[in-house]
Participant: 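Dropping the structure in here first, questions after.
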Amino acid sequence: MIRVLFTNGRVLLDGLADLQPGYDVLVEDGRITAVSHGAIAATDARVVDLGGRTLMPGLIDAHAHITGLSLTPKNIAYPQAEIAIASAHYLRNCLMDGYTTIREAGGADHATAHLLAAGHIIGPRLYYSGKALTQTGGGADFRKPDEEIDPCGHVGPFSSMSTIADGVDAVRRAAREELRKGATQIKLFASGGVVFPAEGHATRYEYSNEELRAVVEEAEARGTYVMAHVYTDEGVRRCLEAGVRSIEHANFVNEETVAMMAAHGAFYVPTFISLVQRVESAAETRLPDAIVHNLENTITRGKQVYRWARKHGVPIGLGTDLWGPEAQKSQLRELELRLELDSPAEILRSATVINADLLMEKGQLGTIAAGSHADLLVIEGDPLADLRLLLDPQKNLKLIMKGGAICKDTLAA
């Protein structure tokens, strides 16, 4: 039995506005077994004296992509081995940045999950969607008008992140196939995007009501849920009416629709850093001015949606939506971007307990409590007072524990 006892630290406990000094936390066989304001007797445990540092839950990224090699998701031409190597590096970097769990939103599969579980690669806990569902001409159908088949001769979206499915029977089959392959949730595209709009016109909504309900029904039959890439007001409303649980992006909705999210008990996952990062890299990637302007408008509109969500009590998750190894370097900046909109305590709740609830792991992840997974971070300083401490993990992230295993430890140095 592996036992670790954390002492002499300040603990971040959900629901409390300040760090709590004087707590001991005992970890046994991957779980937190005791949290006590006072000494815990634990023979044969390794004692980690935190020296007044912060002990907090590991971060959760609820909208990640690990299979990209560049900013574009149109990556079907890349060798699978190259994508696998990039994914392994992405996962390791996530963990070393303090993300002990990610929900992958299209691209990762059972093979990657198996490598993580077997310890052949290191990284966060992985909740993967498999291939996201998109309709012909939809938000994840990256074919140009003169492209009909992929390099292998199949009708495909020209991307490893998605699969094209049209009609109720086809979307049922596609959802069942991803669930068969172990997907922990289903991802679908319910509107167009803002970076690679269709050459004809960006869609206001995608998939019929019947198709959306069919996917939700298949997910619920397996005890899980649907997450939807959707930017538009009409698209979000249709998703909510169909029972979609996780609304991603939603930058162009009105306040009434935000209130509808709250009424339906849906989660809202904004992703600011992916938009900001694309604006910052626009000159390098030669992004057209029209799309840059669209991105800047999308960011501004998204900030207003965030304020409405806080007003109406919508649970707000934290996601990044970054593509490619260079983009991943900005993963922690999502925390910083939200300081304009929220308090450090609420931002950390988004990245821990709220995301855990979103992943249907309430009480198991994102919290320091008896019975939860021992996914823990030791931070130099107080992130409730200065959230930007988390942006420099090399300096301030002293220890990372995932499932009771210590993945980084500079305290002993």
Side-chain angles (χ1 to χ4, degrees), residues 63-78 83 87 103-109 128-145 147-152 154-167 170-175 177-179 181 183 185-208 211-212 214-216 219 226-232 235-236 238-239 242 244 246-252 269 271 274-275 278 291 294-295 298 319-324 327:
H63 193 120
H65 293 282
I66 69 171
T67 58
L69 290 173
S70 64
L71 275 177
T72 174
K74 187 175 179 178
N75 58 358
I76 196 68
Y78 291 114
I83 293 174
S87 297
R103 183 180 63 164
E104 218 277 347
D109 56 18
Y128 67 92
S129 303
K131 290 185 181 295
L133 278 55
T134 188
Q135 70 174 45
T136 294
D141 179 352
F142 299 106
R143 296 174 297 176
K144 295 179 180 178
E147 293 173 331
E148 295 183 7
I149 58 175
D150 67 22
C152 297
H154 306 116
V155 176
F158 275 66
S159 172
S160 64
M161 72 167 290
S162 54
T163 185
I164 296 172
D166 296 305
V171 297
R172 281 192 189 278
R173 187 178 302 111
E177 179 64 9
E178 297 311 317
L179 292 165
K181 293 187 290 187
Q185 64 283 322
I186 293 295
K187 164 78 177 291
L188 60 79
F189 280 72
S191 80
V194 294
V195 183
F196 300 100
E199 291 194 16
H201 61 84
T203 49
R204 290 185 292 120
Y205 61 86
E206 294 171 6
Y207 280 132
S208 68
E211 288 169 318
L212 291 172
V215 179
V216 170
V226 173
M227 59 184 293
H229 161 112
V230 56
Y231 278 92
T232 64
V236 170
R238 291 161 66 91
C239 285
V244 170
S246 183
I247 302 296
E248 316 296 302
H249 316 307
N251 294 64
F252 294 102
V269 184
T271 55
S274 62
L275 303 172
R278 288 181 187 275
I291 293 182
N294 190 24
L295 287 167
T298 303
T320 58
D321 196 24
L322 294 168
W323 269 93

Participant: How far does CZ of Arg238 sit from OG1 of Thr232, to the nearest 0.5 angstrom?
Facilitator: 9.0 Å
Participant: From Ser191 OG over to His229 NE2, what is the distance, rounded to the nearest 0.5 angstrom?
Facilitator: 4.5 Å
Participant: When rounded to the nearest 0.5 angstrom, what is the spacing between CZ in Arg278 and CG in Asp321?
Facilitator: 7.5 Å
Participant: How far apart are the closest heavy atoms of Phe142 and Pro73, and which atoms are they?
Facilitator: CZ-CG, 3.5 Å
Participant: Any side-chain heavy atom of Val194 within less than 4.5 Å of one from Leu275?
Facilitator: yes
Participant: Quick check against the 3.5 Å criterion: does His63 have a side-chain atom that pairs as donor or acceptor with the backbone of Leu322?
Facilitator: no
Participant: For residues Phe189 and Tyr207, report the shortest heavy-atom separation together with the two atoms involved.
Facilitator: O-CD1, 3.6 Å
Participant: Looking at every heavy atom in both Ala219 and Val226, which two are closest together, and how far apart are they?
Facilitator: CB-CG2, 3.9 Å
Participant: On a heavy-atom basis, which atom in Ala250 and which in Val236 lie closest, and how many Å separate them?
Facilitator: CB-CG2, 4.1 Å
Participant: Just checking, is any N or O donor in the side chain of Thr136 or Asp166 under 3.5 Å from an acceptor N or O on the other one?
Facilitator: yes
Participant: Using the ring of each side chain (for Trp, its six-membered ring), is His249 parallel, tilted or perpendicular to Tyr231, with breaks at 30° and 60°?
Facilitator: parallel
Participant: So how far is it from Leu212 CG to Leu133 CG, rounded to the nearest 0.5 Å?
Facilitator: 10.5 Å
Participant: Would a 4.5 Å heavy-atom cut-off, applied to side chains only, mark Glu206 and Asp141 as touching?
Facilitator: no
Participant: Take Thr298 and Phe252, measure what side chain to side chain contact (heavy atoms under 4.5 Å, CB included) needs, and give me the verdict at the end.
Facilitator: CA-CA 7 Å; Thr298 303; Phe252 294 102; 3.3 Å; yes
Participant: Can you name the nearest heavy-atom pair linking Val244 to Ala228, along with the distance?
Facilitator: CG1-CB, 3.8 Å
Participant: Residues two or more places apart in sequence or in another chain: which of them pass side-chain contact (heavy atoms from CB on, under 4.5 Å) with Ser129?
Facilitator: Gln185, Lys187, Met227
Participant: Would a distance-only check, ignoring hydrogens and angles, find a side-chain to backbone donor-acceptor pair under 3.5 Å from Ser87 to Ile66?
Facilitator: yes
Participant: Decide side chain to side chain contact (heavy atoms under 4.5 Å, CB included) for Leu69 and Trp323; before the verdict, give the C-alpha distance in whole Å, the side-chain angles of both, and the deciding distance to 0.1 Å.
Facilitator: CA-CA 7 Å; Leu69 290 173; Trp323 269 93; over 6 Å; no
Participant: Could you state the interatomic distance from CD (Glu248) to SG (Cys239), rounded to the nearest 0.5 Å?
Facilitator: 10.0 Å
Participant: With distance as the sole test, does Arg173 use its side chain to make a donor-acceptor pair with the main-chain N or O of Ala165 at under 3.5 Å?
Facilitator: no
Participant: Checking side chain to side chain contact (heavy atoms under 4.5 Å, CB included) for the pair Glu104/His65: CA distance, chi angles, key distance, verdict?
Facilitator: CA-CA 5 Å; Glu104 218 277 347; His65 293 282; 4.0 Å; yes
Participant: Tell me whether Glu211 contacts the main-chain N or O of Gly167 through its side chain, where contact means a donor paired with an acceptor under 3.5 Å.
Facilitator: yes
Participant: Checking side chain to side chain contact (heavy atoms under 4.5 Å, CB included) between Leu188 and each of Val216, Thr134, Val215, Val171, which is the one that passes?
Facilitator: Val215
Participant: Mind checking what makes side-chain contact (heavy atoms from CB on, under 4.5 Å) contact with Glu177, not counting sequence neighbours?
Facilitator: Arg180, Lys181
Participant: Can you name the nearest heavy-atom pair linking Ser160 to Thr67, along with the distance?
Facilitator: OG-OG1, 3.9 Å
